Enquirer: 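Could you have a look at this structure, given as structure tokens, before my questions?
Please read all numbers here as calculations on a predicted model, not as lab measurements. All values below were derived from every heavy atom in this structure, side-chain atoms included, with hydrogens, water molecules and symmetry-related copies excluded. So you know, we letter chains A, B, ... as the sequences are listed, proteins then strands, and number each from 1.
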There are 2 protein chains.
Amino acid sequence: MGWQDEIEAAAARIRGHVVRTPVLEFDGFGLDRPVALKLEQMQHTGSFKARGAFNTLLSLDVPEAGIVAASGGNHGAAAAYAASRLGHPAKIFVPEMAGASKIALIERAGADLTVVSGAYADALEAALEHEARTGAMQIHAYDAQPTVAGQGTCFREWEEQGLEADTVLIAVGGGGLIGGALAWFAGRRKVVAVEPRTSCALNAALEAGGPVDVEVSGIAANALGARRIGSICYDLAVEYGAVPVLVEDDAIAAAQLALWQQLRQLVEPAGAAALSALMSGAYVPEPGEKVAVLVCGANPAPDPLGV
Amino acid sequence: MGWQDEIEAAAARIRGHVVRTPVLEFDGFGLDRPVALKLEQMQHTGSFKARGAFNTLLSLDVPEAGIVAASGGNHGAAAAYAASRLGHPAKIFVPEMAGASKIALIERAGADLTVVSGAYADALEAALEHEARTGAMQIHAYDAQPTVAGQGTCFREWEEQGLEADTVLIAVGGGGLIGGALAWFAGRRKVVAVEPRTSCALNAALEAGGPVDVEVSGIAANALGARRIGSICYDLAVEYGAVPVLVEDDAIAAAQLALWQQLRQLVEPAGAAALSALMSGAYVPEPGEKVAVLVCGANPAPDPLGV
């Protein structure tokens, strides 16, 4: 099947399991034009990742040992939630650096959770060891076909809700979400790939002519800090000409504050990164160009009502 | 004009000045059925009150001295915002008990602000003195025809967005919002009036056969704590048979937590009160009854990103 068919199939599969997240048009943020927003951070477990997780679990045979994932937070929570709703055991390895609020989120989602000292790479190593020992199915956070197709349903849904934009701005971590957008839009709309200067795996890959390792840091690192862009995303970005844009951490923080103060949407830094490209002028649309921003994640630390 | 015409006129007047707030259907909160939600807390200054404020300023002659209001927070912010956008001076008197985050909100909205020691009654006295001295126009928070018609546009808009519910649950303070709902629906849908047991001016009025003073306290008091229900609301509640329901503070807090944990909507207690009636069983819908909840306000204290 081609991507369009894969995404149609994913949408049919995950219907009823995911939130049809709301959209609106908003005239504010100091911009010279209204912006269309989709509030995908209202998805189960607070990010788009529930789409890919449900599509993966519903399209593959899950072994009795269930699933295993390593995650800086959002992916682990989504995988645990989907597994729990579908009756599969979930084992999640999370690095300490994910922070208390994302760790609590994964626990609430119903996972058997192990906090690994160190960084994401250490959690991944533990997850691979668990997979080898138990036969549990490893759920990749972004570079897998069912994951990308699942995330692509977000954009199919947005068009069903009347998306009119010429250009859609999307934050990039490992590339699962923007991969889904590129696959779904297939060149019909311009896709702007927004990365923090401190975590810019796609920009680096496009410069180098292929995925390369990058250093990651900054305020959005635990959500956008993939060390290497997924190859599925990279290929789609080249095929459809994704427009790479870099934003500074302080621009992300300003967009995060604007989303709260102007729209009462409290998001994590990654969830504000795409908007920050417009607010800071990192991406300047043409006169008349209609723009849209996907708000992708809302698991801030500290949690305003908990840990 | 009748209410329907007043609300149509208000909608035409305030178009472009207010946010067309998003709606969604959500299956969660431990309920036995999906619930339709309108996220009116995404309105300018974080509550529905911007609708009534804009309708008031756009339908009356505003004197050179501008407007004056006394407010526990949300009304003052909305009045200040609307005045500032329309180029009128705004003088807002706010009691200390409004708290730092609502006081900062009113300042951001562009008002000349005076914090009055004591409670709402003291702020109101100062506002009346200012009105008498300067000729500024007093903007009432709820018991005025342009205010109620403005709030009514929220429900007109919701129907335009496809509202299908048999029953709409709405939190009640002074009665401006639910008055607008009753006026717009005019008996076509059941309206459930949700009040905290600790701030129940409408329940008390319906029992007494007319508006009476009540004591107010509890976690939603600075938004829902009107001492006496507005007479416009009371008359509409009797005419159309609003169904009064009382909720406890801990049920409100549980609904506030659920809105954050399940939908990443961080609201103030008043904004969660209507949902709490369903979650706590204070209102039990019939089998097959379709329910909707208006989320009305999101100015929590402390502010998660500021004071």
Enquirer: Can you tell me which portion of B:Leu37 sits under 4.5 Å from chain A's heavy atoms? Options are side chain, backbone, both or neither.
Expert: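 It is neither, since no heavy atom gets under 4.5 Å.
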Enquirer: Go through the atoms of B:Val267 and report whether side chain, backbone, both or neither lie under 4.5 Å from a heavy atom of chain A.
Expert: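 For B:Val267, no heavy atom lies under 4.5 Å from chain A.
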Enquirer: With rounding to the nearest 0.5 angstrom, report the CG to CH2 distance, B:Asp303 to A:Trp260.
Expert: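 Here the interatomic distance stands at 6.0 Å.
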Enquirer: CZ/A:Arg264 to NE2/B:His44 distance, rounded to the nearest 0.5 angstrom?
Expert: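 Nearest 0.5 Å value for the CZ-NE2 distance: 11.0 Å.
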Enquirer: So which residue, A:Gln262, A:Arg20, A:Glu25, A:Gln261, ends up with the most heavy-atom pairs under 4.5 Å with chain B?
Expert: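 Among A:Gln262, A:Arg20, A:Glu25, A:Gln261, the one with the most close pairs to chain B is A:Gln261.
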Enquirer: Please report the shortest heavy-atom distance between A:Pro22 and B:Val23, naming the atom on each side.
Expert: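 Minimum heavy-atom contact is CB-O, 3.6 Å.
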Enquirer: So how far is it from B:Thr21 OG1 to A:Leu24 CG, rounded to the nearest 0.5 Å?
Expert: 8.5 Å
